[in-house]
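Accompanying notes for the structure given below.
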Amino acid sequence: MEDLINALAGSQVTSQPNSTAAEHPRFVMYKAKSNTLDQETRRRKFLEAQKRKRFDYASHARQLALSKWDNGESEEENEDMDFEECIPKPPKSYRNQLMLSEWLVEVPGDLADQWYLKLCPVGKRCLIVASKGMTKAYTKSGYNIMSFPSNLPGGNKVISSKPLHVYCFLDCIYNEVEKTYYILDIMCWNSHPCFDSETEFRFYWMNTKIDECSGLQEIAKNNYFKFVPLPHYDCSKETLKRVLWSDLPFPSKLDGLLFYHKQSHYICGTTPLVGWLKAYMVPEMLSIEVPPALMAEKPSSYVSMQQHVPYAFEKHLKRKEEEEKIMYYEDD
């Protein structure tokens with residue numbers, strides 16, 4: 001028996017060529033020559049998919065505005081399987097309509113040239129729908145938390161110059177103490193959807209339209225809450241350091257940093273084209289020093305980003321493995 005145990009201890013179940021207990025030999029060879037299949041690869045996939053997508057956002061915007069969901073699907077939409085696999089279509093409800101970030105587990109190589117930064121105040125993320133003479137705020141899960149009049153297009157019955165068929169959708173952070181909706185992004189303005197416009201245009205259009213909208217940034221009888229656009233910045237190291245060491249563009253505390261790819265469309269759901277970091281993670285991830293007040297927000301148990309948000313890194317590694325398998329089959 002002892003001889004048998006020693007013999008088994010020295011054997012390996014993967015020693016036979018092409019054993020099914022081991023990885024496919026071609027797959028092993030592929031992994032050996034592969035350096036990184038990471039967030040960057042997924043970002044490229046999303047950018048390519050949004051170029052090929054065919055989705056009727058004008059119809060989707062009308063359904064959001066009127067709360068009427070058409071269950072029919074056009075043949076044109078069904079043809080684009082690459083879009084379906086990479087970027088899901090918006091749901092037929094108020095649930096999951098917002099573009100959500102991923103943890104920035106890997107810094108983009110083109111961060112300085114192709115990304116924008118927005119500083120986010122502490123608050124509740126909301127979808128704002130102004131239509132039929134009323135403004136409504138929905139949570140990420142689609143729950144209506146409040147209804148009120150505002151000066152947004154379609155958001156107030158009293159403003160006769162804006163017909164009731166006009167509508168507007170905004171991506172906001174609500175701060176209850178300041179009675180303010182801080183605007184992160186714009187999806188539709190004056191019934192003109194811009195889901196499939198790039199970030200550069202959406203940010204420009206958002207700031208232009210908000211400035212043109214009289215009284216929107218002040219609390220008044222017909223505008224119960226302030227709507228204030230959050231500024232965006234380029235992501236050069238010099239600018240990032242200057243912004244983080246300057247006064248915040250809002251009176252509340254800083255919640256974190258959002259990084260937007262300039263060419264990203266507005267995608268309903270989670271996307272690698274928007275990254276998220278806490279301020280105390282910036283020195284570790286971007287090698288940029290931040291003020292002591294921001295570093296003081298770091299939890300006492302914090303060691304590293306990977307230790308602090310292990311699920312994000314686990315998901316990242318799982319995606320890398322799936323991507324490698326897909327790439328291997330495509331090479332065949």
_Interatomic distance, Cys235 atom SG to Phe259 atom CZ [nearest 0.5 angstrom]_ = 5.5 Å
*Value rounded to 0.5 Å, distance of CD in Glu212 from CH2 in Trp189*: 8.5 Å
*asked:* Do Met187 and Leu98 make a side-chain contact, defined as non-hydrogen atoms from C-beta onward lying under 4.5 Å apart?
replied: yes
*Would you check, one step at a time, whether the test side chain to side chain donor-acceptor pair (under 3.5 Å) holds for His232 with Glu200?*
CA-CA 10 Å; His232 63 278; Glu200 281 193 292; over 6 Å; no
*Audit row: Tyr174, Phe227, ring-ring contact (aromatic ring centres under 6.0 Å, His included) steps and yes/no*: CA-CA 9 Å; Tyr174 173 58; Phe227 283 86; 9.4 Å; no
*Quick one: CD on Glu40 to CD on Glu106, what's the gap to the nearest 0.5 Å?*
8.5 Å
_Option passing side chain to side chain contact (heavy atoms under 4.5 Å, CB included) with Lys278 (candidates Leu254, Leu294, Asp255)_ = Asp255
*Flag the pair Thr199 / His261 as yes when at least one side-chain heavy-atom distance between them is below 4.5 Å, and no otherwise.*
no
*Does atom CZ of Arg95 have more than 12 heavy-atom neighbours from other groups under 6.0 Å away?*
no
*Can you say whether the rings of Phe195 and Tyr266 are parallel (under 30°), tilted (30 to 60°) or perpendicular (over 60°)?*
perpendicular
*Checking side chain to side chain contact (heavy atoms under 4.5 Å, CB included) against Met206, which of Asp171, Leu230, Ile186 comes through?*
Ile186
*State whether Tyr116 and Lys262 meet the cation-pi test: NZ (Lys) or CZ (Arg) under 6.0 Å from the six-membered ring centroid, and within 45° of the perpendicular axis.*
yes
*Min side-chain heavy-atom separation Cys120-Leu184 under 4.5 Å*: yes
_If I take atom OH from residue Tyr94 and atom CZ from residue Phe169, how far apart are they, to the nearest 0.5 angstrom?_
7.0 Å
*Side chain to side chain, Arg43 and Glu102, heavy atoms closer than 4.5 Å*: no
*Can you establish whether the number of heavy atoms outside Tyr204 located under 6.0 Å from its atom OH is more than 12?*
no
*asked:* Any heavy-atom pair between the side chains of Leu66 and Gln63 that's under 4.5 Å?
replied: no
*CG-OG1 distance between Asn144 and Thr139, expressed to the nearest 0.5 angstrom*: 9.0 Å
*Is the closest side-chain heavy-atom distance between Met285 and Val107 below 4.5 Å?*
yes
*For the pair Asn96 (side chain) and Pro91 (backbone), establish whether a donor and an acceptor sit closer than 3.5 Å, ignoring hydrogens and angles.*
no
_So, taking the atom named OH in Tyr57 and the one named NE2 in His265, what distance separates them when rounded to the nearest 0.5 Å?_
8.5 Å
*Using a 4.5 Å cut-off on heavy atoms from C-beta on, say whether the side chain of Glu178 contacts that of Ser252.*
yes
*Side-chain contact test, heavy atoms from C-beta onward, threshold under 4.5 Å: evaluate it for Leu286 versus Lys237 and give yes or no.*
no
*Would Lys118 and Asp185 satisfy salt bridge (charged side-chain N to carboxylate O under 4.0 Å, His left out), going step by step from the backbone distance to the final call?*
CA-CA 10 Å; Lys118 283 205 172 192; Asp185 213 330; over 6 Å; no
*Ignoring hydrogens and angles, tell me if any N or O in the side chain of Asp110 forms a donor-acceptor pair with the backbone of Asp113 under 3.5 Å.*
no
*Say whether, by atom type as modelled, one donor and one acceptor occur between the side chain of Ser101 and the main chain of Gly275 under 3.5 angstrom.*
no
*Over-ring placement of Lys179 relative to Phe225, 6.0 Å and 45° cut-offs*: yes
*Who pairs with Tyr260 by ring pair (Phe, Tyr, Trp, His ring centres under 6.0 Å), at least two apart in sequence or on another chain?*
Phe203
*Take Asn156 and Ser150 through the side chain to side chain donor-acceptor pair (under 3.5 Å) test and state the conclusion after the steps.*
CA-CA 6 Å; Asn156 196 326; Ser150 76; over 6 Å; no
*Within a radius of less than 6.0 Å around OH of Tyr280, do more than 12 heavy atoms belonging to other residues, nucleotides or ligands occur?*
yes
